[in-house]
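What follows is a single structure, written as structure tokens, with notes after it.
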Number of protein chains: 2
Amino acid sequence: MKYSKQRELILNTLKEHMVHPTADYIYKVLKKELPSISLATVYRNLNQLAENGVIKKIEGLDGSLHFDHNLTNHYHFICIKCNKVYDVPYDVAPDLADKVFSQTGLIIENYDISFKGVCPECHKKECN
Amino acid sequence: MKYSKQRELILNTLKEHMVHPTADYIYKVLKKELPSISLATVYRNLNQLAENGVIKKIEGLDGSLHFDHNLTNHYHFICIKCNKVYDVPYDVAPDLADKVFSQTGLIIENYDISFKGVCPECHKKECN
DNA sequence: CCATAAAGTGATAATCATTATCATTATTGT
DNA sequence: ACAATAATGATAATGATTATCACTTTATGG
């Protein structure tokens with residue numbers, strides 16, 4: 001993988017956003033900084049970074065793809081109102097892969113948990 | 001929701017398939033039995049059944065939508081080779097919603113776990 | 001430090017799954 | 001049986017992602 005300014009910017013943008021963005025969101029943000037950037041480049045680099053394990057893909061509620069640069073073990077909380085994706089710390093359910101293996105014999109390579117509910121931000125709005 | 005033969009057939013097809021199929025798969029199966037059925041009808045009814053809580057939607061590895069008629073609490077195992085979706089019993093991780101609430105304060109409405117790995121069937125094939 | 005090969009880019013066309021539209025048909029309660 | 005309403009089938013539209021391709025940037029080795 002060769003260096004490219006575009007890839008660096010894409011990764012930086014991802015790191016700056018706690019709420020894991022979609023490809024299109026990153027594209028719109030970067031367009032301001034580097035107006036010549038192409039949506040195809042954003043998709044290409046996000047996929048490449050995900051393949052190389054630098055970032056991770058997350059499936060949103062509506063089937064949309066989000067990206068996450070946080071490589072430590074953790075789960076996700078997806079707001080059913082605004083579709084934003086938040087992190088949930090790993091220790092709410094440690095060692096799940098081992099438990100599944102001992103109960104089913106299935107060998108788990110990895111797994112995701114998506115919790116769903118209304119995020120604090122949207123909850124506030126509802127109470128107005 | 002009015003009765004329709006198409007909806008009944010769609011639900012039956014779903015129940016007969018342990019490995020949760022996609023809309024397109026159900027369409028192809030039903031086409032043999034009821035050649036006049038439309039793909040749009042399959043999508044319409046699956047979405048409607050899911051909205052009414054009769055079935056559930058599952059996100060596949062590749063972003064594809066699968067459907068599941070099993071309403072009891074359980075998780076899913078998705079094969080990274082063949083993309084088939086299997087069930088994993090609930091008791092490998094009971095009461096997760098409560099744990100998340102006590103550790104984060106987030107109110108969980110529901111959640112899914114997708115375990116990923118190579119299914120026994122594909123594992124056999126690899127060993128030939 | 002230039003030449004060359006390999007990888008990356010931007011623009012746009014193509015793809016593919018899912019949804020929307022709409023005229024027609026089936027189901028339901030009275 | 002009849003009006004009201006929901007469902008269907010065919011097809012067009014949508015929207016997100018991927019492929020293509022001519023051109024540019026990056027890395028490297030003499």
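All of these numbers come straight from a predicted model, not from anything done at the bench. In what follows, chains carry the letters A, B, and so on, assigned in the order in which the sequence lines appear, proteins first and then strands, with residues in each chain numbered from 1.
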Assign a letter to each nucleotide of nucleotides 22-30 of chain D from its 5' end: B, base within under 4.0 Å of a protein heavy atom; S, sugar-phosphate only; -, no contact. ----BS---
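Distances shown here put every side-chain N or O of B:Ser38 at or beyond 4.0 Å from the OP1 or OP2 atom of D:dA10.
In terms of the salt bridge (Lys or Arg N to Asp or Glu O under 4.0 Å) criterion, A:Lys15 has no residue partners (sequence neighbours excluded).
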Using residues 28-42 of chain B as the side-chain source, report each donor-acceptor pair under 3.5 Å to any protein atom, sequence neighbours left out, with the distance given to one decimal.
residue, atom, partner, partner atom, Å
B:Lys28, NZ, B:Asp24, OD2, 2.8
B:Lys31, NZ, B:Tyr27, OH, 2.9
B:Ser38, OG, B:Ala40, N, 3.1
B:Thr41, OG1, B:Arg44, NH2, 2.9

Could you give the side-chain donor-acceptor pairs of residues 50-57 of chain A under 3.5 Å, partners two or more places apart or in another chain?
residue, atom, partner, partner atom, Å
A:Lys57, NZ, A:Asn47, OD1, 2.9

Atom pairs and distances, donor-acceptor, side-chain atoms in residues 2-11 of chain A, under 3.5 Å, two or more places apart:
residue, atom, partner, partner atom, Å
A:Tyr3, OH, A:Glu8, OE1, 2.5
A:Ser4, OG, A:Arg7, N, 3.1
A:Arg7, NH1, A:Asn45, OD1, 2.8
A:Arg7, NH1, A:Gln48, OE1, 2.5
A:Arg7, NH2, A:Lys2, O, 2.1

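A distance of 7.0 Å separates CD1 in A:Ile26 from CZ in A:Phe67, rounded to the nearest 0.5 Å. A distance of 10.5 Å separates NE2 in B:His17 from CG in B:Asn12, rounded to the nearest 0.5 Å. Summarising the geometry, atom OH belonging to B:Tyr25 is positioned 11.5 Å from atom CG belonging to B:Leu14; distances are rounded to the nearest 0.5 Å. Taken to the nearest 0.5 Å, the CG atom of B:Asn110 stands 7.5 Å off from the CD1 atom of A:Ile80.
Between B:Ile113 and A:Tyr111, some side-chain heavy-atom pair lies under the 4.5 Å cut-off. Within the 4.5 Å cutoff, the side chain of A:Thr22 has no heavy atoms near those of the A:Leu65 side chain. Counting heavy atoms from C-beta on, the side chains of B:Pro120 and A:Leu106 come closer than 4.5 Å.
Of all the residues in residues 43-56 of chain A, A:Tyr43, A:Arg44, A:Asn47 reach under 4.0 Å from DNA chain D with at least one non-hydrogen atom. Proximity of residues 19-31 of chain A to DNA chain C (heavy atom under 4.0 angstrom from any strand atom) is not detected for any residue.
Sorted by first and then second residue, the salt bridge (charged side-chain N to carboxylate O under 4.0 Å, His left out) pairs with a member in residues 102-113 of chain A read A:Asp112-B:Lys116; sequence neighbours excluded. For residues 67-91 of chain B, every residue pair satisfying the salt bridge (charged side-chain N to carboxylate O under 4.0 Å, His left out) rule, not counting sequence neighbours, is listed here: B:Lys81-B:Glu126, B:Lys84-B:Glu121.
Put simply, chain B comes within 4.0 Å of DNA chain C, heavy atom to any atom, from C:dA17 to C:dT28, going 5' to 3'.
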Are B:Phe77 and B:Val85 close enough, and set up right, to give a side chain to side chain contact (heavy atoms under 4.5 Å, CB included), and what steps lead you there? CA-CA 6 Å; B:Phe77 175 90; B:Val85 180; over 6 Å; no
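Atom CG in B:Leu65 sits roughly 15 Å away from atom P in D:dA16 (whole-Å rounding). Distance B:Leu34 CG to D:dG9 C1': 11 Å, rounded to the nearest Å. Atom CG in B:Leu9 sits about 13 Å away from atom C1' in D:dT8, given to the nearest Å.
When heavy atoms are screened at a 4.0 angstrom cut-off, A:Ser36 is found touching the sugar-phosphate backbone but no base atom.
Taking the six-membered ring where the residue is Trp, A:Phe115 and A:Tyr75 present perpendicular rings, their angle passing 60° and hence far from 30°. Using bins of under 30°, 30° to 60° and over 60° for the plane-to-plane angle, the ring pair B:His20/B:His74 lands in the tilted bin.
B:Cys79 and B:Cys119 get closest at one heavy-atom pair: SG-N, 3.4 Å.
Direction change of the helix axis from one end of the helix from C:dC1-D:dG30 to C:dT30-D:dA1 to the other is 40°, with five pairs defining each end axis (rounded to 10°).
When the side chains of ILVMFWY residues are joined at heavy-atom separations under 4.5 Å, either directly or via intervening members, A:Tyr86 and B:Phe101 end up in two distinct hydrophobic clusters.
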Atom pairs under 3.5 Å, N or O on each side, protein against nucleotides 1-3 of chain D: can you list them with distances?
none

